[in-house]
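Please read all numbers here as calculations on a predicted model, not as lab measurements.
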Number of protein chains: 2
Amino acid sequence: MLKSIQLLHSFWNVQKNLIKLAQKSAVENGLSVPQYSILMAMKLDKEMIQKNVGEVTFLPKSTLSQAVDGLVREGIINRQQVEGNRREIMLSITEKGDALIKDIYLQEGGIHQVFQSVVEDMSESQYDELLRGHLQITTFLETEAQEIGECMK
Amino acid sequence: MLKSIQLLHSFWNVQKNLIKLAQKSAVENGLSVPQYSILMAMKLDKEMIQKNVGEVTFLPKSTLSQAVDGLVREGIINRQQVEGNRREIMLSITEKGDALIKDIYLQEGGIHQVFQSVVEDMSESQYDELLRGHLQITTFLETEAQEIGECMK
DNA sequence: CTGGAACTGTTCAATATAGAACTGTTCTAA
DNA sequence: TTAGAACAGTTCTATATTGAACAGTTCCAG
């Protein structure tokens, strides 16, 4: 029991700092936190169905919808109906959005730069262990979260 | 660069599940997320100055104040001025609050129970490595967050 | 075909959150 | 002392978030 509390605490400590940094990063770039999440979710796949963005970010539908709306108004992402399935909407990052993302990466004191330092300060094996541990935990949590997801519909 | 993004991603995956679980736990027990945070912060030291709770939880003063207000109305914590320093307010968990915390710990499918399973599924050394890695990261983030904290005043 | 169930996303109203201005307290330097 | 700076918390208000009701699509059993 004690160990689990300790581990939870350990995550919590990382968490709260991470969130603070993310919030700061978001505000500095004129984004809400949900908007920031969306961009980070799409940084790899520059094109995604809105539904999938929702699954990755865990944002409620309404929040997602409004956040996307703002991003579209800002010209950061494009929104167009998928032909072949008019229910779905394809989101894609514009050049402007792409530039913004690159900017965010390089911001001094931003999450990414800080994590860059963290990684450099870490041994190869330590890094691997960390990833492995997290993966294991995520798998556990995901099966649990699934059940929550079920009732959210 | 790639590694830091990967690590960030790894944390993010744990994070979002953790938050979902915490939210669920909070709602199920009739608490807001800030209220839940406060209780978790006070689970060890059953008596704390409100200021300190704020430092630990990172909650904005106004949010903290209101959340505490609700908890007091529910009879979960007590609030009384510190004699010797009438600016400060001492928060203490009532018996009712204590029972609630114990309840939360034991809730099936709650964060604590899930983490219990996680820990059992983990080798001693893996556990230690994880804690060590997190500590290292927290230290890094904390020095960074400090600067943010400075301007929040 | 067709009617209803399941999807995908939007809108709107109610709630939650947090910055800014405030009250009262303590500390400190002249 | 005593003004004024720093503190600890509260209140008020504007903003952000989200659940619930909704509109249009797609799917499928009969």
Side-chain angles (χ1 to χ4, degrees), chain A residues 16 19-20 22-24 26-38 41 47-74 77-92 148-153, chain B residues 16 19-20 22-24 26-38 41 47-74 77-92 148-153:
Chain A
K16 67 184 184 188
I19 290 173
K20 262 273 157 304
Q23 272 176 341
K24 179 189 150 207
V27 172
E28 282 180 357
N29 293 284
L31 301 169
S32 70
V33 175
Q35 288 175 335
Y36 186 82
S37 304
I38 292 170
E47 251 192 23
M48 277 200 190
I49 301 293
Q50 183 162 319
K51 177 183 63 151
N52 294 331
V53 175
E55 286 166 357
V56 175
T57 59
F58 275 25
L59 291 169
K61 293 201 301 182
S62 52
T63 308
L64 181 57
S65 179
Q66 298 200 163
V68 167
D69 214 53
L71 291 173
V72 171
R73 272 199 306 275
E74 303 280 333
I77 67 179
N78 276 135
R79 179 166 51 179
Q80 73 203 81
Q81 281 198 326
V82 172
E83 35 186 333
N85 189 344
R86 286 207 305 291
R87 274 183 307 194
E88 300 184 332
I89 286 200
M90 176 67 81
L91 304 178
S92 55
I148 304 176
E150 299 301 312
C151 5
M152 286 208 318
K153 306 201 172 151
Chain B
K16 67 184 184 191
I19 290 174
K20 263 272 158 304
Q23 272 177 343
K24 180 189 149 209
V27 172
E28 281 179 359
N29 292 285
L31 301 169
S32 69
V33 175
Q35 288 174 335
Y36 186 82
S37 303
I38 293 169
E47 249 191 24
M48 277 198 188
I49 300 293
Q50 183 163 319
K51 177 183 63 151
N52 293 330
V53 175
E55 286 166 356
V56 176
T57 58
F58 276 22
L59 292 169
K61 293 201 303 183
S62 54
T63 308
L64 181 59
S65 179
Q66 297 198 166
V68 167
D69 213 53
L71 291 173
V72 171
R73 272 198 305 274
E74 303 280 333
I77 67 179
N78 276 137
R79 180 166 51 180
Q80 73 203 83
Q81 280 198 328
V82 173
E83 35 186 331
N85 188 346
R86 286 209 304 291
R87 275 184 306 193
E88 300 185 331
I89 287 202
M90 175 67 82
L91 305 178
S92 55
I148 304 175
E150 298 303 310
C151 5
M152 285 208 317
K153 307 207 168 146

Quiz item: When you match A:V33 and A:V82 each to their closest nucleotide on DNA chain D, which lands nearer the 5' end?
Solution: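 It is A:V33 whose nearest nucleotide is closer to the 5' end.
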Quiz item: 5'-most contact on DNA chain D: A:Q66 or B:V68, nearest heavy atom basis?
Solution: B:V68
Does [X] make a side-chain N or O approach to OP1 or OP2 of [N] shorter than 4.0 Å?
| X | N | value |
| --- | --- | --- |
| B:T63 | C:dT17 | no |
| A:Q50 | C:dT10 | yes |
| B:R79 | D:dA8 | no |
| A:Q81 | D:dT25 | no |

For a 4.5 angstrom cut-off between non-hydrogen side-chain atoms, does [X] reach [Y]?
| X | Y | answer |
| --- | --- | --- |
| A:V53 | A:L59 | no |
| A:T57 | B:K16 | no |
| B:L71 | B:L31 | yes |

Quick one: which of [options] gets closest to the side chain of [X]?
| X | options | value |
| --- | --- | --- |
| B:R87 | D:dT25, C:dG9, C:dT26 | C:dT26 |
| A:S62 | D:dA8, C:dC12, C:dA18 | C:dC12 |
| A:I49 | C:dG9, D:dG9, C:dC12 | C:dG9 |
| B:K61 | D:dT26, C:dG9, D:dG9 | D:dG9 |

Practice problem: Give one of base, sugar-phosphate or nothing for A:S32, where a contact means two heavy atoms less than 4.0 Å apart. | Solution: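 Answer is sugar-phosphate: A:S32 comes under 4.0 Å of backbone atoms only.
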Quiz item: Contact class for A:D69 vs. all strands (heavy atom < 4.0 Å): base, sugar-phosphate, or nothing?
Solution: nothing
Quiz item: Taking for each residue the nucleotide of DNA chain C with the nearest heavy atom, is it B:P60 or A:E88 whose nucleotide lies nearer the 5' end?
Solution: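 Nearer the 5' end of the strand: A:E88.
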Quiz item: Could you state the NZ-C1' distance from A:K51 to D:dT25, rounded to the nearest angstrom?
Solution: 13 Å
Quiz item: Can you find a donor-acceptor N/O pair under 3.5 angstrom joining the side chain of B:S65 to the base of D:dG9?
Solution: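 No, no donor-acceptor pair under 3.5 Å.
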